[in-house]
Amino acid sequence: VRYTLPDDILLFEPPVVARYDQASRTWVEEDINETSVSDDAHPVLSFSTRQLGPFAIMQDIRQHLPFLSWEISPLEQGGCRIDLQTQSCLLQMEVTKDGCKLCSLPKALYSTIGDKEKKLDSVSPAVFFFHLREMGIFLEPELDRKQLNLSKKSEEIEE
């Protein structure tokens with residue numbers, strides 16, 4: 001099977017392809033082999049399988065968490081710049097009265113960006129995070145502390 005990936009999908013890890021199994025009503029990875037993605041301007045996902053059905057690219061939504069570091073600095077014209085170092089990449093964003101804007105993505109991804117950044121230029125925070133999720137960058141998943149292996153903050157520090 002060969003599939004040209006949409007321009008607005010970013011892969012930070014090798015893709016995992018799954019097929020929807022109607023009987024179990026779950027996504028399964030069995031019987032999917034030889035998965036690869038071309039390095040073309042419009043990447044093509046290829047894999048072999050003996051069963052057909054609905055397929056999906058699966059990603060671990062925790063791949064960017066926990067954050068390694070972050071920094072907020074003021075902008076001269078008002079608002080702020082946020083530098084967020086995730087487990088996979090450095091994201092730089094600006095927040096102003098006009099909305100949120102993505103300033104940079106990892107250099108390795110620039111060749112595949114296309115019009116992605118236009119979606120993330122001066123939009124509301126809700127739209128900004130929605131488009132990041134569509135691209136495969138989950139910065140706010142609904143996971144609990146145990147799933148991320150995070151320790152609880154000290155209440156003394158918070159006071």
Side-chain angles (χ1 to χ4, degrees), residues 1-70 81-95 98-152:
V1 176
R2 293 175 51 84
Y3 175 71
T4 301
L5 295 173
D7 284 339
D8 60 353
I9 290 187
L10 299 175
L11 298 173
F12 294 89
E13 300 174 339
V16 174
V17 178
R19 177 187 49 82
Y20 188 74
D21 180 46
Q22 194 68 26
S24 66
R25 295 185 177 189
T26 60
W27 292 96
V28 295
E29 299 172 33
E30 57 197 40
D31 294 326
I32 297 172
N33 303 301
E34 302 172 23
T35 303
S36 66
V37 177
S38 70
D39 290 332
D40 304 332
H42 298 286
V44 175
L45 171 70
S46 301
F47 59 94
S48 62
T49 183
R50 290 182 281 146
Q51 298 184 15
L52 295 178
F55 292 98
I57 298 173
M58 309 296 277
Q59 287 195 104
D60 184 354
I61 62 172
R62 299 167 294 181
Q63 69 183 331
H64 300 290
L65 300 170
F67 302 140
L68 297 176
S69 66
W70 54 272
R81 176 185 169 126
I82 303 170
D83 293 343
L84 181 62
Q85 180 66 56
T86 74
Q87 294 288 329
S88 306
C89 64
L90 172 65
L91 295 170
Q92 296 175 322
M93 307 161 262
E94 288 183 0
V95 181
D98 297 324
C100 298
K101 175 182 177 181
L102 184 64
C103 300
S104 73
L105 281 170
K107 289 181 182 178
L109 301 173
Y110 281 128
S111 62
T112 63
I113 290 175
D115 289 332
K116 292 178 184 110
E117 284 187 297
K118 290 180 184 175
K119 285 184 174 181
L120 297 168
D121 190 3
S122 299
V123 295
S124 73
V127 170
F128 184 80
F129 284 105
F130 174 78
H131 286 305
L132 283 176
R133 279 192 303 272
E134 278 188 325
M135 293 165 51
I137 302 173
F138 292 82
L139 299 180
E140 51 172 349
E142 296 177 11
L143 299 172
D144 67 27
R145 183 174 280 111
K146 290 177 188 173
Q147 289 174 296
L148 294 173
N149 295 322
L150 297 177
S151 58
K152 187 175 181 179

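All heavy atoms count here, side chains included; hydrogens, waters and symmetry mates do not.
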Asker: Minimum heavy-atom separation for Ile32 to Arg19, with atom names?
Answerer: CD1-N, 3.8 Å
Asker: Please determine whether side-chain contact (heavy atoms from CB on, under 4.5 Å) holds for the pair Phe55 and Thr49, giving the CA-CA distance in whole Å, both sets of side-chain angles, and the decisive distance to 0.1 Å.
Answerer: CA-CA 11 Å; Phe55 292 98; Thr49 183; 3.9 Å; yes
Asker: Identify, with sequence neighbours excluded, every residue that meets ring pair (Phe, Tyr, Trp, His ring centres under 6.0 Å) alongside Trp27.
Answerer: Tyr20
Asker: How about Thr35 and Pro14: do any of their side-chain heavy atoms sit closer than 4.5 Å?
Answerer: no
Asker: Rounded to the nearest 0.5 Å, what's the gap from CG on Leu132 to CG on Leu91? Could you check?
Answerer: 7.0 Å
Asker: Could you give the distance from NZ (Lys101) to CE (Met93), rounded to the nearest 0.5 Å?
Answerer: 13.5 Å
Asker: Verify, without hydrogens or angle tests, whether Ser38 (side chain) and Val44 (backbone) share a donor-acceptor contact under 3.5 angstrom.
Answerer: yes
Asker: Would you check if the side chain of Ser46 reaches a backbone N or O of Ser36 as a donor-acceptor pair within less than 3.5 Å?
Answerer: no
Asker: Applying side-chain contact (heavy atoms from CB on, under 4.5 Å) to Val17 and Val1, what does each step give before you reach the verdict?
Answerer: CA-CA 11 Å; Val17 178; Val1 176; over 6 Å; no
Asker: Do you know which two heavy atoms are closest between Glu94 and Cys103, and how far apart they sit?
Answerer: CG-SG, 3.3 Å
Asker: How would you list, by chain and number, every residue that makes a side chain to side chain contact (heavy atoms under 4.5 Å, CB included) with Phe67, sequence neighbours excluded?
Answerer: Leu65, Leu84, Thr86, Leu139
Asker: Return yes when atom CG of Asn33 has more than 12 non-hydrogen atoms of other residues, nucleotides or ligands closer than 6.0 Å, and no otherwise.
Answerer: yes
